[in-house]
Amino acid sequence: MNYWLMKSEPSAFSIDDLKSMPNRTEHWDGVRNYQARNMMRDTMKVGDRAFFYHSNCKVPGIVGLMEVVREGYPDHTAFEPDSKYFDEKSDPNNPRWYMVDIKYLRHTRRVISLAEIKDHASLENMPLVRKGNRLSIMPVSKNEWDFILSLEDRPER
DNA sequence: GCCAACGTTGGC
DNA sequence: GCCAACGTTGGC
């Protein structure tokens, strides 16, 4: 099983939005970065787990857990002229952008903030805390996954 | 293939 | 709102 971290701005799509969807499931559309695209298209598998990360907000951090329930398939919003994710260069016969379907599992018992993640030496290799990294989807090692989950029941600092 | 200009991301 | 860092674009 692979582990991931997926960013979303809560003002656009939050973990509560995901939880409120039918079957608590939604497609993760709008990713327009090739590295992230490749991971969704080639690497993410049904059953993989992912952290839901709130970015560009008051307290950026990990807010919940999700599960991949459908593997990479073409992101149809790229073909819709009215979508904010429209990309005229994405040809339906040779789609440029892919997405996966993701299901809400639960909120973390508290927000694991970016500031806290930065404080732990065992998490220093996460792309999330590397300078200038802008990947919206990134792999998480099993050790990092387990360590972050262990933070949940430590008192908030 | 280089690189300047531009747009976006995202923390602060 | 600011701005550093990065990816993309397009002229040459």
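Chain identifiers are assigned alphabetically (A, B, ...) following the order of the sequence lines, protein sequences preceding nucleic acid strands; residue numbering begins at 1 within each chain. Since this is a predicted model, take the numbers as computed values, not measurements.
Ion pair A/Arg32/A/Asp75 flagged as a salt bridge, since at least one NZ, NE, NH1 or NH2 atom sits closer than 4.0 Å to an Asp/Glu carboxylate oxygen. In this structure, A/Glu116 pairs ionically with A/Arg110, as a charged nitrogen and a carboxylate oxygen lie closer than 4.0 Å.
Within the 4.5 Å cutoff, the side chain of A/Pro74 has heavy atoms near those of the A/Tyr98 side chain. The shortest side-chain heavy-atom distance between A/Val31 and A/Met39 does not fall under the 4.5 Å cut-off.
Both A/Tyr34 and A/Lys131 lie close to DNA chain C; mapped to their nearest nucleotides by heavy-atom distance, the more 5′-ward contact belongs to A/Lys131. Of the two residues near DNA chain C, A/Asn56 and A/Asn133, the one whose nearest nucleotide lies more 5' is A/Asn56.
Contacts of A/Lys118 with the nucleic acid, taken as non-hydrogen atoms under 4.0 Å apart, involve only primed sugar atoms and P, OP1 or OP2.
Taking 4.0 Å as the cutoff to heavy atoms of chain A, we find the contact window on DNA chain C bounded by C/dA5 to C/dT9.
Ring planes of A/Tyr3 and A/Trp145: tilted class, angle from 30 to 60°.
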